Amino acid sequence: MPELPEVETTRRGIAPAVEGRRIDTVIVRNAALRWPVPDELPALLAGQTVTAVRRRAKYLLFDVEPGTALLHLGMSGQLRVVAADAPLRKHDHVDVVLQGGQCLRLHDPRRFGSLLWQPAGTRHPLLAGLGPEPLGPDFSGDWLYRQSRGRRAAVKTFLMDQRIVVGVGNIYATEALHAAGIDPRRAAGRVSAARYAALAEAVRAVLAESITRGGTTLRDYVDPQGSPGWFRLQLAAYERAGQPCGRCGGTIQRVVLGQRASYYCAGCQR
DNA sequence: CTCTTAACCTGGACGC
DNA sequence: TGCGTCCAGGTTAAGA
């Protein structure tokens, strides 16, 4: 489900309820996520005060004194702020019960998400090797250009590689390439520096605009208050096969790249 | 190294 | 109504 804008919207939605708040208990009903939730996690978090909720790539990071809890929402994860006694739904796998009667509830039907622990002063292997934040200072067209030299994989697959740049998933890679006028099938190593400059700008613009609209709800994404995101209304290419391109009037095509559905306009994406 | 593929899992949409 | 097939905002391990 979530790419950077949805994770960031989730972060902003939970921060007021969580930051500076003490954790009463952590209830793990089903530890069988992408990786097993560590047995010791509830004991590590109970009684701790959350000093900050951060985001790195598509991970939410909950800082407490002994370390950081890492939460990834996978494809179908939702994190909601609910009353601690709110009725349970199927697939409500974890509750972080906060002092004051609210709780953070993780709901994840497909269980591709993960909840892991990083002791203070260490770096979890999953966070090692991640590329720059697309909305940060280290991401640029020049960076993309240099990383892409000699690569034959499709530029869309390259753009979704979290070692190259984080946070860009299937929707936003599709949209950014459309906005930049680049054919997603083109080999990454055969895109010019000038066009990577345009692509980097398109990535930033599409992510920033989606955040302002609360992310994209295609099927089941909701923010921590249960509201959908509205960026879907802005999608120019994603899931628009057969429809006219808003820029050139051509027809949006569907193709599969790296096992993921991709959409592009044969008229204006080269 | 780079690249491709299978796998993890559930549920909704669709065709018969 | 039911059953089979395909598809879905992600990521990793394994193999070529």
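Within every chain, numbering begins at 1; the chains are lettered A, B, ... in the order of the sequence lines, protein sequences first and strands thereafter. Small disclaimer: the values here were computed from a predicted structure and weren't measured.
Within 4.0 Å (heavy atoms only), A:Arg260 reaches at least one base atom of the nucleic acid.
Taking side-chain N and O atoms only, A:His72 has a distance below 4.0 Å to OP1 or OP2 of C:dT11. For B:dT10, neither phosphate oxygen OP1 nor OP2 lies less than 4.0 angstrom from any side-chain nitrogen or oxygen of A:Lys90. Taking side-chain N and O atoms only, A:Gln162 has a distance below 4.0 Å to OP1 or OP2 of C:dT11. Contact between the side-chain N/O atoms of A:Arg151 and the OP1/OP2 oxygens of B:dT2 is found at a separation under 4.0 Å. Between B:dG11 and A:His91, a contact under 4.0 Å exists linking OP1 or OP2 to a side-chain N or O.
A donor and an acceptor atom never sit less than 3.5 Å apart when one is taken from the side chain of A:Arg111 and the other from the base of B:dC9. Residue-to-nucleotide contacts include a donor-acceptor pair under 3.5 Å from the side chain of A:Arg34 to the base of C:dT11.
Distance check: A:Ile14 CD1 to A:Leu60 CG gives 5.5 Å after rounding to the nearest 0.5 Å.
Using a 4.0 Å cut-off between charged side-chain N and carboxylate O, A:Glu239 and A:Arg219 make a salt bridge. Salt bridge present: A:Asp95 and A:Arg29 bring a charged side-chain N and a carboxylate O closer than 4.0 Å.
The aromatic ring of A:Phe112 sits over the base of B:dC8, with ring centres less than 5.5 Å apart and planes tilted by under 30°.
Remark: DNA chain B forms stems of 3 or more consecutive Watson-Crick or G-U wobble pairs, all pair distances under 3.5 Å, at B:2-8 with C:10-16, B:10-16 with C:2-8.
Straight-line distance between the P atoms of B:dC9 and C:dC3: roughly 23 Å, to the nearest whole Å.
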